[in-house]
Structure formats: C-alpha cells, structure tokens
Amino acid sequence: HVQLVESGGGSVQAGESLRLSCHASGYTGSSTCLAWFRQDPGKEREGVASIFTNAYGRSTLYADTVNGRFTISQDSVNTTMYLQMNSLKPEDTAIYYCAAGRRGFSCTLVADNFGTWGQGTQVTVSS
C-alpha cells in the first residue's frame, strides 16, 4: 500500500519561501494523484494543490488562496512530490499534509477523494 512521508516545514517571516517534500512509496499502476492539504487547529482541512500524472502527461490544480504563490511538482520517477511556497503569509500557517488519491476518484481538492495521508509538517509564518 502507499506510504507518504513529508519533510521541509519550519518557521519563516512573511514574504519568505519554504519547500515541502513528500516521498511516496508503494504505488502501483501507471497513474498517480498526489496533493497537499493544510489544516489549522479549529478549522477544516483545506486543499492546497494537486498533481495528476499518467502516461499522457501531468495536470495541476491550485486553491485560489495559493494560486500564483505556490507551485506543486513531482520528480521524473514520480516518487517525490514538492510544494514550493513563495511569498508566504501569516494565514498560510498550518499543518501541511500530503495525500494520495483513491483509485477511481478525481484528483481534485476534496479530502474524501484521498485515502492515504502523511503525518503532517508544521509551517509557521510570522508577520
């Protein structure tokens, strides 16, 4: 089964950058759907970005709140996913989780479409 391990969180000042990584193992089949979600205590889990890869190419999707500031990518062997976060804001503070999509579900930013989750990594942005 798929296992996910995140790394790269930390504390930064507003305007600075961070890059998160998610190593995925145990994938079978020719397509992958991976995503980043985030959750602040007391708030609902929010989809940040997703990336779908198959034999025909890749497609990405971003939440409006991060579009233009964050970039999701995946390495050429599809084992590690990244989230490059630029121009960070205090409201980006949250625990960030990577997630693997369920087979047969669309690769959109709906938490129920994802069946495997990493342990989470804290991102803190101070003003």
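Worth saying up front: this structure is predicted, and the values here are computed from it rather than measured. The figures here come from the full heavy-atom set of this structure, side chains too, leaving out hydrogens, waters and symmetry mates. For reference, positions follow the sequence shown, starting with 1.
Placement of Val48 and Leu34 within a single hydrophobic cluster is found when ILVMFWY residues are connected by side-chain heavy-atom separations under 4.5 Å, directly or transitively. Hydrophobic cluster membership is shared by Leu18 and Val66, with clusters built from Ile, Leu, Val, Met, Phe, Trp and Tyr side chains linked at under 4.5 angstrom.
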- Query: Checking side-chain hydrogen bond (donor to acceptor under 3.5 Å, both in side chains) for the pair Glu46/Thr65: CA distance, chi angles, key distance, verdict?
  - Reply: CA-CA 10 Å; Glu46 175 192 13; Thr65 52; 3.1 Å; yes
- Message: Between Asn113 and Ser106, is the side-chain hydrogen bond (donor to acceptor under 3.5 Å, both in side chains) condition met? List the steps.
- Response: CA-CA 7 Å; Asn113 290 0; Ser106 62; 3.3 Å; yes
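The line from OG1 of Thr53 to CD1 of Ile51 is 4.5 Å long, rounded to the nearest 0.5 Å. Note that OH of Tyr82 is 12.0 Å distant from CG of Leu20, once rounded to the nearest 0.5 Å. Between the CG atom in Leu88 and the OG atom in Ser126 there is a gap of 10.5 Å [rounded to 0.5 Å]. To the nearest 0.5 Å, atom CG of residue Leu83 and atom OG1 of residue Thr71 are 8.0 Å apart. Separating the CG atom in Leu61 from the CG atom in Leu109 is a distance of 4.5 Å, to the nearest 0.5 Å. The line from OG of Ser59 to CD1 of Ile72 is 10.0 Å long, rounded to the nearest 0.5 Å.
Nearest heavy-atom pair, Ser87 versus Arg69, reported as atom, atom and distance to 0.1 Å: O-NH1, 2.9 Å. Contact record, Ser17 with Gln84: CB-NE2, 3.9 Å, taken as the closest heavy-atom pair. Between Cys33 and Phe114, the shortest heavy-atom contact is SG-CE2, 3.6 Å. Smallest separation of non-hydrogen atoms from Ala111 and Trp117: O-CZ2, 3.7 Å. When all heavy atoms of Tyr62 and Ala49 are compared, the closest pair comes out as CD2-CB, 3.6 Å. Taking each heavy atom of Gly47 and Ala63 in turn, the nearest pair found is O-CB, 3.3 Å.
The number of heavy-atom neighbours closer than 6.0 Å to CD of Gln119, taken from other residues, nucleotides and ligands shown, is above 12.
In this structure, Gln74 and Thr32 have side chains that are in contact, with non-hydrogen atoms separated by less than 4.5 Å. The shortest side-chain heavy-atom distance between Ser31 and Arg103 falls under the 4.5 Å cut-off. Considering only heavy atoms from C-beta on, Met85 stays 4.5 Å or farther from Val12 through its side chain. Residues Val125 and Lys89 form no side-chain contact, since every pair of their non-hydrogen atoms from C-beta on lies 4.5 Å or further apart. A heavy-atom distance below 4.5 Å is found between the side chains of Trp36 and Cys22. With a 4.5 Å cut-off on side-chain heavy atoms, Thr116 and Gln3 do not count as touching. In this structure, Leu4 and Met81 have side chains that are not in contact, with every pair of non-hydrogen atoms separated by 4.5 Å or more.
Ring geometry for Phe70 versus Tyr96: interplanar angle of 30 to 60°, hence tilted.
A side-chain donor-acceptor contact under 3.5 Å links Arg102 to the backbone of Asp112. A donor-acceptor pair is defined here as one N or O able to donate and one able to accept, closer than 3.5 Å; no such pair exists between the side chain of Gln39 and the backbone of Ile95.
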